[in-house]
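Everything below concerns the one structure shown next.
Counting from 1, the numbers follow the sequence of the chain as shown. Because the structure is predicted, anything quoted here is derived from the model rather than measured.
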Amino acid sequence: MVNPSVSVVIITYARPHFVGECLRHLAALRTAPHEVLVVDASPDPRTRTLVSEDFPDVRYLRNDLGPGTMPESRQIGLLQATGDVVAFIDDDAYVDPDWLDELVRPYADPSVGGVGGRASNGIDGEESRGLDLIGRFLPDGRLTGYFGADPGRSIDVDHLLGANMSFRRSTLLALGGIRGNYPGTCLCEESDISLRVRRSGHRLVFAPTAVVRHVAAPYQTGGQRFDRRYLYYARRNHVVLLARVFGFRAPVLRRYVLTALREQRDYLRTTYRLVRGRPDHEGVVPSRRRRLTAPVVLTRSLVEVVGLGAGFPAALVARRRDRAEGVSTP
């Protein structure tokens, strides 16, 4: 595909200030996209007003399902997009001027089904951290990130980051579109897309020169990053992801559950040492202040276990819905 047309889809919930800044950066691209679509699940009209008054060339779409429906917003954008490639960026991801040119370059190879770019988070040393672990799907079912790293060249990966990813529109439509049912913090929803594209025989490419500056805006749906709510949905949604993409009998699902339980065992051992004031592996006796953190460690572990268990009935429901909607399941 030579110079594919690109539809840029921005999904958002109650963050009009960030949407405005995101759109201003898109307007400064050296090569303009075919179209820009904003899919808004906000409970108020601020984003609609912003788009209609300040960005009249941008298409505004509604998602009336509300918070926790990021993949549903992506699906709305996909079904309305008309470009050869659909690029998804978050409302708090601000593109570099040559982002679009660098993002579409790998599509010259017809085997490429998706391309993602680097997300710079402003963290010291992130460009050199995890260079051999960018976007990996590990044998035990875990997923690595490190999308702020710069390997100096485009590389094949197993999954992409939702803040800066793109796919051939025809590929996504052939797979039945983008699947919802990844609620809460919506973790794993972009991995569902990526793993399905990979299993269909297409390559996924990480292009580090296609850069967005990811400012990590605060959640508008309650909670903070890496709080207990986040941990619960991280486990719950990950089980759903593996069961939907690979099936309940897949060895990778069993390996993931065992890995997760081993991690909880380590948490509990840490809690026991803190409560009893026993030395750690370096022989250091925990202080009283550290012992008081034991309930925090324990409750976070319990939340993860509950999320892990909740993933199985949630996966059953999601797979039934997939079949009802005509999406093939393993």
Side-chain angles (χ1 to χ4, degrees), residues 11 39 41 63-79 86 88 113-114 135-144 158-162 165 167-202 204 221 229-261 264 303-330:
I11 60 172
V39 185
N63 172 9
D64 292 320
L65 298 175
T69 57
M70 290 172 63
E72 288 83 356
S73 285
R74 294 194 201 278
Q75 174 72 348
I76 290 170
L78 170 66
L79 294 179
V86 181
F88 297 98
R136 295 276 303 280
F137 178 62
L138 302 179
D140 62 9
R142 291 178 299 159
L143 297 162
T144 66
D158 297 320
H159 71 110
L160 303 172
L161 179 69
M165 66 181 186
F167 301 93
R168 295 186 193 272
R169 182 166 62 93
S170 58
T171 299
L172 293 184
L173 293 176
L175 292 173
I178 297 170
R179 300 192 295 204
N181 299 310
Y182 288 99
T185 50
C186 298
L187 291 164
C188 297
E189 54 93 11
E190 70 264 57
S191 300
D192 181 289
I193 306 167
S194 297
L195 294 179
R196 290 165 64 212
V197 170
R198 286 271 289 132
R199 282 176 63 82
S200 70
H202 295 84
L204 295 181
T221 57
R229 176 172 173 264
Y230 182 100
L231 295 174
Y232 169 84
Y233 282 108
R235 295 300 186 184
R236 183 258 188 213
N237 288 2
H238 206 116
V239 170
V240 172
L241 167 72
L242 297 177
R244 291 174 94 179
V245 176
F246 301 101
F248 279 110
R249 297 182 179 180
V252 70
L253 177 56
R254 293 194 297 272
R255 289 195 294 267
Y256 175 74
V257 171
L258 289 174
T259 299
L261 291 176
Q264 308 319 308
V303 164
E304 291 196 36
V305 171
V306 171
L308 198 68
F312 287 91
L316 278 172
V317 173
R319 284 168 57 88
R320 288 180 189 137
R321 189 170 298 177
D322 291 342
R323 288 193 290 270
E325 293 175 355
V327 180
S328 62
T329 56

Side chain to side chain donor-acceptor pair (under 3.5 Å) against Arg244, all qualifying residues, sequence neighbours excluded: Asp322

Matching residue for Cys188 among Val240, Asn237, Leu195 - test: side-chain contact (heavy atoms from CB on, under 4.5 Å): Asn237

Partners passing side chain to side chain contact (heavy atoms under 4.5 Å, CB included) against Ala250 (at least two apart in sequence or in another chain): Phe246, Val252

Which pairs would a plain distance check flag for residues 308-321, meaning a side-chain donor or acceptor within less than 3.5 Å of a matching protein atom at least two apart in sequence or in another chain?
residue: Arg319; atom: NH1; partner: Ala243; partner atom: O; Å: 2.9
residue: Arg319; atom: NH1; partner: Pro330; partner atom: O; Å: 3.3
residue: Arg319; atom: NH2; partner: Pro330; partner atom: O; Å: 2.8
residue: Arg321; atom: NH1; partner: Asn181; partner atom: OD1; Å: 2.7

Partner set under side chain to side chain contact (heavy atoms under 4.5 Å, CB included) for Arg142, not counting sequence neighbours: Leu138, Asp140, Tyr256, Thr259, Glu263

Side chain proximity check, Leu175 to Ser200, heavy atoms < 4.5 angstrom: yes

For Thr69, all residues meeting side chain to side chain donor-acceptor pair (under 3.5 Å), sequence neighbours excluded: Asn63

Rounded distance (nearest 0.5 Å) linking atom CG of Leu187 with atom CG of Asp192: 13.0 Å

Partners meeting side chain to side chain contact (heavy atoms under 4.5 Å, CB included) with Glu189 (sequence neighbours left out): Met70, Pro71, Arg74, Tyr182, Cys186, Ile193

For Arg169, all residues meeting salt bridge (Lys or Arg N to Asp or Glu O under 4.0 Å), sequence neighbours excluded: none

Contacts of Gln264 that satisfy side chain to side chain donor-acceptor pair (under 3.5 Å) - sequence neighbours left out: Ser301, Glu304

Gap between atom NE2 of His159 and atom CG of Leu143 - 0.5 Å precision: 4.5 Å

His202 side-chain N/O to Arg196 backbone N/O, donor-acceptor pair under 3.5 Å: no

Thr185 vs Tyr232 side-chain heavy atoms within contact, under 4.5 Å: no

By side chain to side chain donor-acceptor pair (under 3.5 Å) - contacts of Ser170 (at least two apart): none

Phe137 and Leu242, any side-chain heavy atoms less than 4.5 Å apart: yes

Non-neighbouring partners of Arg198 that pass side chain to side chain contact (heavy atoms under 4.5 Å, CB included), sequence neighbours left out: Asp158, Leu204

side-chain contact (heavy atoms from CB on, under 4.5 Å) partner of Phe167, the single match among Leu160, Ile178, Val86: Leu160

Heavy-atom donor-acceptor pair, His238 side chain to Gly141 backbone, under 3.5 Å: yes

